[in-house]
Amino acid sequence: MEIIHGVQVLVKSVLFVLLWCQCEGRDSELSYVTCGSLVKLLNTRHNVRLHSHDVKYGSGSGQQSVTGVENADDSNSYWQIRGKPNRPCKRGVAIKCGEAIRITHMKTGRNLHSHRFNSPLSNNQEVSAFGESGEGDDLDVWAVQCDNDHWERDEAVRFKHVGTDVYLSVTGEQYGHPIRGQREVHGMKSANQNNWWRSMEGVFIQPSQEPLRHDEL
């Protein structure tokens, strides 16, 4: 009887360790932004979320405008994290610091984009949404700059435009009609407090699992 009792205790201990390891591993997975995730991105300096809509710039490229909005509930502020053109990332895998990605607007299917046009309000570099059905060109690619091995969900990161070396930024300029009160989003050459972004609400994809909802989608 003592032997049987000892075996039962041992089995329970092993099961506990296995379950603990699985939970620890899952907690680790859930702490990262992953390929395929649908997120809202907050500029931490100006407290606005990256936003787009089917409204074209009246100057510069004339492409779809990208702005920052204070309203946390606007569904036009969801973006999907994707791999580079012709080099897709693996669904559910954590995005590495330094990795080149595309950031695709959910509602319109256009990619976050920049090019050497002046932005309308600050005369920094214009940031637009470009392409159709998620396909644009090489100027849709941004590198995630962060301090650890992978992009952590609670970490502030920078997005550096691979083609022109500017940082995705907000400095507070506000538009008038027809997008009154929305902030200009543009590219800046210098890394500073205006180009920190943090992932907020969204659906975070896990490998071979159902999406993990973070707040409301």
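Keep in mind it's a predicted model, so treat the numbers as computed, not measured.
- Partners of H186 according to the ring pair (Phe, Tyr, Trp, His ring centres under 6.0 Å) rule, which considers only residues two or more places apart in sequence or in another chain, do not exist here.
- Taking hydrophobic clusters as Ile, Leu, Val, Met, Phe, Trp and Tyr residues chained together by side-chain heavy-atom distances below 4.5 Å, L139 does not share a cluster with V166.
- With hydrogens and angles ignored, the 3.5 Å screen pairs no side-chain donor or acceptor of K84 with any backbone N or O of V141.
- By the 6.0 Å and 45° rule, R102 does not stack over the aromatic ring of W142.
- Rounding to the nearest 0.5 Å places CH2 of W79 at 14.5 Å from CZ of R49.
- For E155, the side-chain contact (heavy atoms from CB on, under 4.5 Å) criterion is met by C146, D147, N148, E152, V157, not counting sequence neighbours.
- Within the structure, disulfide (SG to SG under 2.5 Å) contacts touching residues 149-187 (residues at least two apart or in different chains) do not occur.
- Panel note: side chain N111, backbone G134; a donor-acceptor pair is recorded below 3.5 Å.
- H115 pairs by the ring pair (Phe, Tyr, Trp, His ring centres under 6.0 Å) definition with H113, F117, not counting sequence neighbours.
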Let me check something: any side-chain donor-acceptor pairs from residues 172-180 under 3.5 Å, sequence neighbours excluded? List them with distances.
from, atom 1, to, atom 2, distance (Å)
E173, OE1, T171, OG1, 2.6
E173, OE2, T171, OG1, 2.9

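- Atom CG of D138 sits in a sparse spot, with 12 or fewer heavy atoms from other residues, nucleotides or ligands closer than 6.0 Å.
- Note that CG of N195 and OG1 of T44 are 9.0 Å apart. Values are rounded to the nearest 0.5 Å.
- With sequence neighbours excluded, the residues satisfying side chain to side chain donor-acceptor pair (under 3.5 Å) with H161 are T164.
- Atom CD in Q145 sits 13.5 Å away from atom CD in E99 (nearest 0.5 Å).
- The same ILVMFWY cluster, assembled from side-chain heavy atoms under 4.5 Å apart, contains both V39 and I95.
- A heavy-atom distance below 4.5 Å is not found between the side chains of C97 and V144.
- Side-chain atoms of S61 come within 3.5 Å of backbone N or O of Q63 as a donor-acceptor pair.
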Requested in this report: For S77 and V69, run side chain to side chain contact (heavy atoms under 4.5 Å, CB included): C-alpha distance rounded to whole Å, both residues' side-chain angles, the deciding distance at 0.1 Å, then the answer.
Outcome: CA-CA 8 Å; S77 300; V69 296; 3.6 Å; yes
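- Listed by first and then second residue, the disulfide (SG to SG under 2.5 Å) pairs that reach into residues 156-188 come to none, sequence neighbours excluded.
- To the nearest 0.5 Å, the span separating CZ on R87 from CD1 on I101 amounts to 14.0 Å.
- D54 is linked by a side-chain contact (heavy atoms from CB on, under 4.5 Å) to K56, Q64, R110, counting only residues two or more places apart in sequence or in another chain.
- In this structure, T34 and I81 have side chains that are not in contact, with every pair of non-hydrogen atoms separated by 4.5 Å or more.
- A143 pairs by the side-chain contact (heavy atoms from CB on, under 4.5 Å) definition with V162, not counting sequence neighbours.
- Not counting sequence neighbours, the partners of K107 by the side chain to side chain donor-acceptor pair (under 3.5 Å) test are S75.
- Checked against salt bridge (charged side-chain N to carboxylate O under 4.0 Å, His left out), E70 has the following partners two or more places apart in sequence or in another chain: R183.
- Under the 4.5 Å side-chain heavy-atom criterion for ILVMFWY residues, a single connected hydrophobic cluster contains both L168 and V33.
- Remark: side-chain polar atoms of S65 are paired, donor with acceptor, to backbone N or O of V55 under 3.5 angstrom.
- Using modelled atom types and a 3.5 Å distance limit, the side chains of S114 and Q125 yield a donor-acceptor pair.
- L50 and L121 fall within a single hydrophobic cluster, where Ile, Leu, Val, Met, Phe, Trp and Tyr are joined by side-chain heavy atoms under 4.5 Å apart, directly or via other members.
- At least one donor-acceptor pair closer than 3.5 Å links the side chain of S199 to the backbone N or O of R153.
- Between the S37 side chain and the I205 main chain, a donor and an acceptor come within less than 3.5 Å of each other.
- Between V170 and V48, the closest side-chain pair of non-hydrogen atoms falls below 4.5 Å.
- Atoms CG and NE2, on N76 and H51 in that order, are 4.5 Å from each other to the nearest 0.5 Å.
- Between L38 and M106 the shortest side-chain heavy-atom distance falls below 4.5 Å.
- Side-chain contact between Y167 and K189: absent, with no pair of heavy atoms (C-beta onward) separated by less than 4.5 Å.
- Looking at heavy atoms from C-beta onward, R82 lies out of side-chain contact with C35 at the 4.5 angstrom threshold.
- For the atom pair CZ (R158) and CH2 (W196), the distance works out to 4.0 Å, reported to the nearest 0.5 Å.
- At a cut-off of 3.5 Å, with distance as the only test, no side-chain donor of S119 or N124 sits close to an acceptor on the other residue.
- Residues D140 and L112 have side chains not in contact (no heavy-atom distance under 4.5 Å, counting atoms from C-beta outward).
- With hydrogens and angles ignored, the 3.5 Å screen pairs a side-chain donor or acceptor of Y57 with a backbone N or O of V66.
- Of the residues Y32, F204, F159, the one that meets the ring pair (Phe, Tyr, Trp, His ring centres under 6.0 Å) test with W151 is F159.
- In plain terms, the two heavy atoms of D154 and R198 that are nearest each other are O-CD, 3.4 Å.
- H53 places a side-chain heavy atom less than 4.5 Å from the side chain of Q182.
- With sequence neighbours left out, the side-chain contact (heavy atoms from CB on, under 4.5 Å) criterion links R45 to N43, Q193, N194.
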